[in-house]
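A quick note: this is a predicted structure, and the numbers were derived from the prediction, not measured.
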Amino acid sequence: MDKSQIGRAGELAIELYTLITARGEVDVYSPVVDDDHVDLVAGIRGGPPTLGIQVKTTPSLDHSGLVEARASYPVGRIREDLNFLYAVVLLDAVRIQAMWLIRSPDFNRLAYRIVDSGREILEFRGRPSGDDTFSSFRVDPMQIGPTLITCIGDSPHTPQWIVALAAR
């Protein structure tokens with residue numbers, strides 16, 4: 001599979017795991033247009049969309065045994081919002097082997113930064129098990145739904161950028 005197919009498989013896996021583990025209490029779906037770095041939108045079933053999620057998926061570990069993911073933005077345009085999450089997924093066929101859910105302020109603070117050709121690149125490198133910078137954000141795949149419910153409950157409001165995505 002190519003990179004975009006692997007990315008889509010990760011998004012679908014999160015949707016499936018969320019549906020099952022939240023027992024149908026979380027609506028999660030892909031916006032019609034994939035822009036603004038939002039691959040999925042989530043909210044409590046029947047309520048407004050609350051979270052925007054950027055999904056980064058990899059099918060394998062790097063040569064150091066780490067999961068690696070990158071997010072690239074124009075310099076000065078990195079989204080910092082409690083309602084914006086990064087989901088980093090190590091996907092083994094249709095099974096989520098390891099996953100992290102990280103609110104953007106934490107991801108932005110902890111990720112390694114590279115500036116290149118007018119782009120600011122945030123780099124995630126995490127171990128599927130054990131301690132590292134991102135280990136506190138690792139989520140048991142069978143707890144994705146409950147974790148998203150907690151994130152939705154802790155979110156201060158539904159930001160306008162999510163309302164705009166849901167209207168498309």
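- Salt-bridge formation is detected for the pair Arg95/Asp92: a Lys NZ or Arg NE/NH1/NH2 atom is positioned less than 4.0 Å from an Asp or Glu carboxylate oxygen.
- For the atom pair CG (Leu40) and CG (Leu51), the distance works out to 10.5 Å, reported to the nearest 0.5 Å.
- Heavy-atom minimum distance, Leu101 versus Leu148: CD1-CD2, 4.1 Å.
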Does the pair Ile102 and Phe134 meet the rule for a side chain to side chain contact (heavy atoms under 4.5 Å, CB included), with working shown? CA-CA 8 Å; Ile102 311 160; Phe134 291 100; 3.7 Å; yes
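- Residues Met99 and Ile144 are in side-chain contact: their nearest non-hydrogen atoms beyond the backbone lie under 4.5 Å apart.
- Interatomic distance, Ser30 OG to Ile53 CD1, rounded to the nearest 0.5 Å: 10.0 Å.
- With hydrogens and angles disregarded, a donor-acceptor distance shorter than 3.5 Å links the side chain of Arg113 to the backbone of Asn108.
- The cluster map of Ile, Leu, Val, Met, Phe, Trp and Tyr, joined by side-chain heavy atoms under 4.5 Å apart, puts Ile96 and Leu12 in different clusters.
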Where do Arg127 and Val67 land on the side chain to side chain contact (heavy atoms under 4.5 Å, CB included) test, with the steps shown first? CA-CA 6 Å; Arg127 299 182 188 288; Val67 171; over 6 Å; no
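- Cluster membership for Ile162 and Ile78, using ILVMFWY side-chain heavy atoms within less than 4.5 angstrom, is shared.
- The 12-atom threshold is not exceeded at CZ of Arg23, counting heavy atoms of other residues, nucleotides or ligands nearer than 6.0 Å.
- Atom CG of Leu91 sits about 9.0 Å away from atom CD of Gln97, to the nearest 0.5 Å.
- A side-chain hydrogen bond (donor to acceptor under 3.5 Å, both in side chains) check over residues 44-61, counting only residues at least two apart or in different chains, returns the pairs His37-Gln54, Gln54-Tyr73.
- Note that the CZ atom of Arg109 and the OG atom of Ser104 stand 11.5 Å from one another [nearest 0.5 Å].
- In summary, Arg70 and Glu120 do not engage in a salt bridge, as defined by a charged side-chain N under 4.0 Å from a carboxylate O.
- Among all heavy-atom pairs drawn from Ser72 and Ile121, the shortest one is OG-CG1, 4.0 Å.
- Shown here for Tyr29 and Pro49, the closest heavy-atom pair between the two residues is OH-CB, 3.8 Å.
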The test is salt bridge (charged side-chain N to carboxylate O under 4.0 Å, His left out); show your working for Arg8 and Asp39 and say whether it passes. CA-CA 9 Å; Arg8 183 66 181 133; Asp39 299 308; over 6 Å; no
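- With hydrogens and angles disregarded, a donor-acceptor distance shorter than 3.5 Å links the side chain of Gln5 to the backbone of Asp2.
- Both Phe107 and Val41 sit in one connected hydrophobic cluster of ILVMFWY residues. Membership requires side-chain heavy atoms under 4.5 Å apart, directly or through other members.
- Both Leu85 and Val55 belong to a common hydrophobic cluster when Ile, Leu, Val, Met, Phe, Trp and Tyr are linked at side-chain heavy-atom distances under 4.5 angstrom.
- Residues Pro128 and Gly65 approach most closely at CD-O, 3.7 Å, considering heavy atoms.
- The two residues Thr21 and Met142 make their nearest non-hydrogen contact at CG2-O, 3.3 Å.
- Val139 and Ile149 fall within the same hydrophobic cluster, where Ile, Leu, Val, Met, Phe, Trp and Tyr residues are linked whenever their side-chain heavy atoms come under 4.5 Å apart, directly or through other members.
- Taking 4.5 Å as the limit, every side-chain heavy atom of Glu11 sits out of range of all side-chain heavy atoms of Val89.
- Note: Leu82 CG to Ser155 OG = 7.0 Å, rounded to the nearest 0.5 Å.
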Check step by step if side chain to side chain contact (heavy atoms under 4.5 Å, CB included) holds for Leu61 and Leu90. CA-CA 8 Å; Leu61 301 174; Leu90 175 58; 3.7 Å; yes
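- Sorted by first and then second residue, the side-chain hydrogen bond (donor to acceptor under 3.5 Å, both in side chains) pairs involving residues 129-151 (not counting sequence neighbours) form an empty list.
- The two residues Pro141 and Tyr17 come nearest to each other via the heavy atoms O-CD2, 3.3 Å.
- With respect to the salt-bridge test (charged N to carboxylate O, under 4.0 angstrom), the residues Arg103 and Asp106 do not qualify.
- Between the CD atom of Glu15 and the CD1 atom of Ile20 there is a distance of 12.0 Å, given to the nearest 0.5 Å.
- Checked against side-chain contact (heavy atoms from CB on, under 4.5 Å), Arg79 has the following partners two or more places apart in sequence or in another chain: Asp36, Val38, Asp81, Phe84, Trp161.
- Ring to ring, Phe124 and Trp100 are close: their centroids are under 6.0 angstrom apart.
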